[in-house]
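These numbers come from the heavy atoms of this one structure, side chains and all, not from hydrogens, waters or symmetry mates. Protein chains get the first letters and strands the later ones, always in sequence-line order, with residue 1 at the start of each.
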Amino acid sequence: MQSSNKSRNLNPRTAAAAPPQNPSTSFTPRYEFIDFLDVGGTMTLSQEIANLSQDSGQDLPEENVQIGSIQGTVVGLRYYTGTVNRGEMVALVRQPQNPYDRNAVMVANVYGSQVGHIKKELAAPMAYIMDNNLARVEGVVPYGETNKFSMPVNLTFWGKEENREAVHNQMRRHGFRLGTEFKGGTAQKSFGRDLLGLSSKISAIPLTVEELKNAFDKLFDDLMEDKTREMEPAGAVCTSLLPHQKQALSWMTSRENNNDLPPFWEEKSGFYFNVLTNFAVKERPEKVLGGILADDMGLGKTLTTIALIVSNFHNGKPLPLEQCEGSSMSSTCRKKSTSKDHKESHEPVSSSQLKRLHADGKSADTIEEDVPQKKAKTAKQPAKNSGNTKKGVVLLDDVDFAAALECSSSQVGPAKKSAKKGSGSGKVPSVSGGGSGARVTLIVCPLSVLSNWLDQFEQHIRADVTLKVYLYYGAERKRSVKLLSEQDVVLTTYNVLSSDYGNKSSSPLHKVKWLRVVLDEGHVIRNPNALQSKAVLDLQSERRWILSGTPIQNSLKDLYMLLSFLKLKPFDVKEWWNRIIQRPVTMGDRVGLSNLQALVKGITLRRTKNSKVAGRMLVQLPERRVFVQHVTFSEEEREEYEQVRKEGRKIIDRYLEEGTMMTNYADVLAILVRLRQYCCHPSLVGKHTRADDPGTPSELRERLINKITLVLNSGSDEECAICLDSLRQPVITYCAHVYCRPCICEVIQSEKEQARCPLCRAQINSKELVEYPGEEMEAGPVTQEHWRSSSKVDALMSNLLKLRNEDPTVKSLVVSQFTRFMDLIEVPLREYGFSFTRLDGSMAQTARSKAIQDFQDSSPGSPTIMLLSLKAGGVGLNLTAASHVYMMDPAWNPAAEDQCVDRCHRLGQTRDVVITKFIVKDSVEEKMVMIQKKKQELVDKAFGVKKPQDRKQSRTDEIRALMEI
DNA sequence: ACCGCCGGGTGCC
DNA sequence: ACCGCCGGGTGCC
């Protein structure tokens with residue numbers, strides 16, 4: 001990956017000529033010697049290495065060009081304890097404070113122990129190169145590892161292409177010559193792999209970007225093998241685990257009790273040997289107990305972790321818990337029975353609802369569109385304690401919080417109350433044999449899920465058992481190490497943890513020796529420089545877990561932080577992570593990638609909602625049925641509609657005759673949008689914009705803005721004719737064709753002055769592109785006085801009213817592509833006293849989350865309807881409170897409809913989902929559905945991708961069909 | 001280090 | 001003897 005053509009502000013020549021402090025001109029005064037020792041004494045080498053390799057941003061691909069190699073000498077071996085093996089990687093660390101030589105370059109092994117120094121003659125140019133960031137130097141000791149006084153070291157220089165010359169010159173000035181290969185070649189193959197850079201020649205063909213991306217996406221897939229053993233939780237857990245949760249429990253337990261060597265360590269003739277770095281030690285490397293539980297959201301990471309806490313204390317035995325006999329609880333497994341009840345009562349209800357829907361007024365028009373899915377069972381695991389009011393409680397301090405929670409949950413045993421105040425009187429369980437007295441599990445989570453953890457402990461731990469959970473949160477939190485050490489679980493947030501850590505004075509959390517630390521939503525600590533990351537790394541614990549649905553959010557770098565937390569040596573030091581994994585992988589090295597895969601596989605469990613256990617889905621979603629309800633226009637509506645259609649058809653006929661359909665494509669779309677709007681509600685149809693004289697440029701511009709707005713606001717999901725994908729940064733040309741800005745700009749750039757519109761061959765240039773101004777309301781507010789209904793609105797309302805009669809707790813999504821239609825629907829909703837919320841693309845983040853939260857809340861009086869614009873919100877949007885979906889108008893893109901339905905038909909949905917699509921008979925909507933189906937057939941047959949010419953033809957055909965021509 | 005280098009002892013053969 | 005040579009002391013940066 002060469003980057004020499006990239007214009008960089010740093011000119012290598014100037015950089016080389018700039019006179020940074022010539023090291024030899026200033027002598028180090030004697031007293032600095034003492035300073036140096038002091039500093040050196042308080043800072044470990046690995047810290048020094050870590051500090052030095054931070055923040056340099058040297059892991060970008062373009063900075064990873066191999067500049068050259070040379071063999072050097074490590075001297076002074078007898079003064080240090082660090083040893084190396086044949087072929088072992090070593091770190092080179094500048095020591096500018098060294099009293100004997102400001103150019104000193106220290107050599108350290110993987111464990112951070114100093115091995116020696118680079119001989120001073122070579123250190124001089126190296127220091128200059130390293131200090132000026134001209135290159136990064138990596139070393140491998142090829143042989144001579146048993147020498148007493150000095151040993152050779154193969155040095156490889158890595159850096160930006162633009163610094164190549166400067167580095168070579170600097171070396172030459174000192175009488176060294178960088179080559180491309182090491183001679184002698186006797187070095188490789190000792191214990192493990194060849195680390196001398198020769199391997200990159202052997203495993204030659206680098207991964208393509210596509211392959212890399214693919215591999216990256218699949219990094220966490222296929223991790224399932226041999227992780228299928230199940231384990232029953234300890235008796236204190238009253239919820240029965242789903243099979244995949246038992247598997248996770250079994251896997252987590254084995255990760256905690258394992259006696260295995262950490263990944264890439266092998267035992268060879270009495271030594272422990274790291275096959276990646278060739279580092280060997282006599283002492284067994286510390287075990288890595290724990291790992292990453294990367295299951296998808298909703299698979300029960302929290303429950304599994306709770307089960308782990310009570311099931312795997314010391315020596316694989318359950319956590320000894322006191323029984324509280326005086327408990328007022330009659331049922332020991334209330335939650336279990338609740339969920340069971342739910343499940344059993346559930347299916348009949350939903351099926352009868354379906355029947356009733358069939359039998360509803362318009363039953364003759366209502367046909368079941370999709371074949372129902374094979375009989376599905378409701379997820380057994382209860383979602384949230386329905387009817388609770390925990391949300392919205394302001395968390396002032398732990399007392400308030402705990403009190404609020406207790407109020408909301410009527411079934412808290414007395415023992416638990418005392419536990420929350422930390423005054424648990426239960427005897428401390430004897431620590432059997434396990435060596436350390438560590439007892440407590442610390443859970444760190446974002447504030448947003450704190451209450452969820454408390455809920456889940458309540459829900460899943462038997463009520464007659466005392467599990468001491470202390471909420472370390474709020475101003476009143478007790479900073480007593482003793483108190484914390486007496487708990488079973490301490491729960492806190494990243495913020496509390498890091499603010500305690502920041503006030504160096506006292507961080508009790510950092511004084512406790514934890515049995516287990518669990519980072520919930522562990523991906524939040526991906527920035528190693530953030531205080532909260534440092535706070536988390538400094539916790540002392542025997543076992544460590546990261547829970548995260550998205551372990552890698554942005555890049556491979558995110559993983560570094562996670563491995564660092566797990567103390568997975570040597571990857572917890574940035575230099576080694578970069579050298580062994582990050583750099584090789586980003587450069588497309590297959591060996592590096594397979595190392596990464598092996599690494600991740602060893603410590604991660606990940607299942608998605610699509611994963612299967614023994615051929616069956618992990619979690620069966622409730623059924624999902626789709627009905628199409630045909631709506632008949634009133635006579636008046638039909639008349640008006642036909643008039644609009646005829647007008648539009650006249651215009652389009654003319655375009656067809658002239659063969660200017662593509663030239664006037666935006667106009668054509670506008671006509672279609674108007675018809676579609678009319679199907680919903682006559683008031684939606686905006687004023688006619690005539691497609692005649694272009695007028696002045698500013699008028700033209702305005703007209704174009706109107707067109708693009710009309711097209712894009714309608715939610716028709718237009719595609720860019722260049723990339724054939726959904727529009728990104730849409731712009732409209734003067735010839736009224738819509739493209740992604742990057743796509744059309746590329747065309748203009750390559751064709752320069754001759755650039756023509758790909759669709760109509762009109763001359764275009766980049767200055768004449770008009771941007772989509774964003775969503776805007778094109779009309780004033782809808783008021784009750786001017787309001788009239790429409791057949792479609794009537795159909796919706798009759799459905800909603802019937803539904804409310806049958807079951808007032810059922811919630812519905814009312815989905816449209818036209819936000820103004822949503823405005824119109826609000827009027828009758830209010831009139832009939834429905835409580836509703838609304839979510840559309842124009843809403844600010846806070847308003848959105850409030851709307852979602854209100855809707856998801858199941859307490860009485862909460863909104864039962866959400867007006868949802870088709871494309872609002874990302875895939876993460878969770879609207880499982882709804883079990884009915886009304887699709888008010890068909891979309892061009894069926895995938896958009898499916899995606900929308902997925903927001904309620906997803907993990908956490910407990911009822912069957914009923915989808916009703918309203919389609920106006922004998923209208924453009926019916927034709928759209930037809931075309932949708934044809935398109936879907938093409939996609940299914942994998943002929944979905946067409947050439948632009950074909951697309952043009954098929955579009956013309958589509959429009960003919962739509963206009964009934 | 002079974003080296004190189006330094007610096008004191010020494011000095012025809 | 002302002003040299004050569006010998007042999008002991010010594011040894012990273």
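Distance, A:D101 CG to C:dC12 C1': 10 Å, rounded to whole Å. Rounded to whole angstrom, the span from the NZ atom of A:K148 across to the C1' atom of B:dC3 amounts to 13 Å. The nearest whole Å value for the distance from the CD atom in A:Q114 to the C1' atom in C:dC13 is 9 Å. Between A:R102 atom CZ and C:dC12 atom C1' the separation is 18 Å, expressed in whole Å. In this entry the distance linking CZ of A:R94 with P of C:dC12 reads 19 Å, nearest Å. Between A:Q97 atom CD and C:dC12 atom C1' there is a gap of 18 Å when expressed in whole angstrom units. We find that CG of A:N147 is positioned 19 Å from P of C:dG11, with the value rounded to whole Å. Taking atom CG on A:L77 and atom C1' on C:dG11, their separation rounds to 12 Å, with Å as the unit.
Under the 4.0 Å criterion applied to side-chain N and carboxylate O atoms, A:E138 and A:R136 are assigned as salt-bridge partners. We find that A:K567 and A:E286 are not joined by a salt bridge, their nearest charged nitrogen and carboxylate oxygen being 4.0 Å or further apart. The residues A:R94 and A:D131 are annotated as salt-bridged, a charged nitrogen and a carboxylate oxygen being separated by less than 4.0 angstrom.
Using a 4.0 Å heavy-atom criterion, one finds that A:K119 contacts the sugar-phosphate atoms exclusively.
Evaluation of atom-type donor-acceptor distances gives a pair under 3.5 Å for the side chain of A:Y80 against the base of C:dC12.
With sequence neighbours excluded, no residue forms a side chain to side chain donor-acceptor pair (under 3.5 Å) with A:N258.
In this model, the phosphate group of C:dC12 is not approached by any side-chain N or O of A:Y100 to a distance below 4.0 Å at OP1 or OP2.
Taking the O4'-C1'-N9-C4 or O4'-C1'-N1-C2 dihedral as appropriate, B:dA1 has a value more than 90° from 0 and is therefore anti.
Rounded to the nearest Å, the gap between the C1' atom of B:dG11 and that of C:dG4 is 9 Å. Distance noted for atom C1' between C:dC6 and C:dA1: 15 Å (whole Å). The separation of B:dG9 from B:dC5, taken at their P atoms, amounts to 22 Å, rounded to a whole angstrom.
Taking a pair to require two hydrogen-bonding distances under 3.5 Å in either a Watson-Crick or a G-U wobble arrangement, B:dC3 pairs with C:dG11.
Across B:dA1, C:dC13, C:dC12, the shortest atom-to-atom separation from the side chain of A:F149 is found for B:dA1.
The backbone N or O of A:E88 lies less than 3.5 Å from no partner atom in the side chain of A:N85, so there is not a single donor-acceptor pair.
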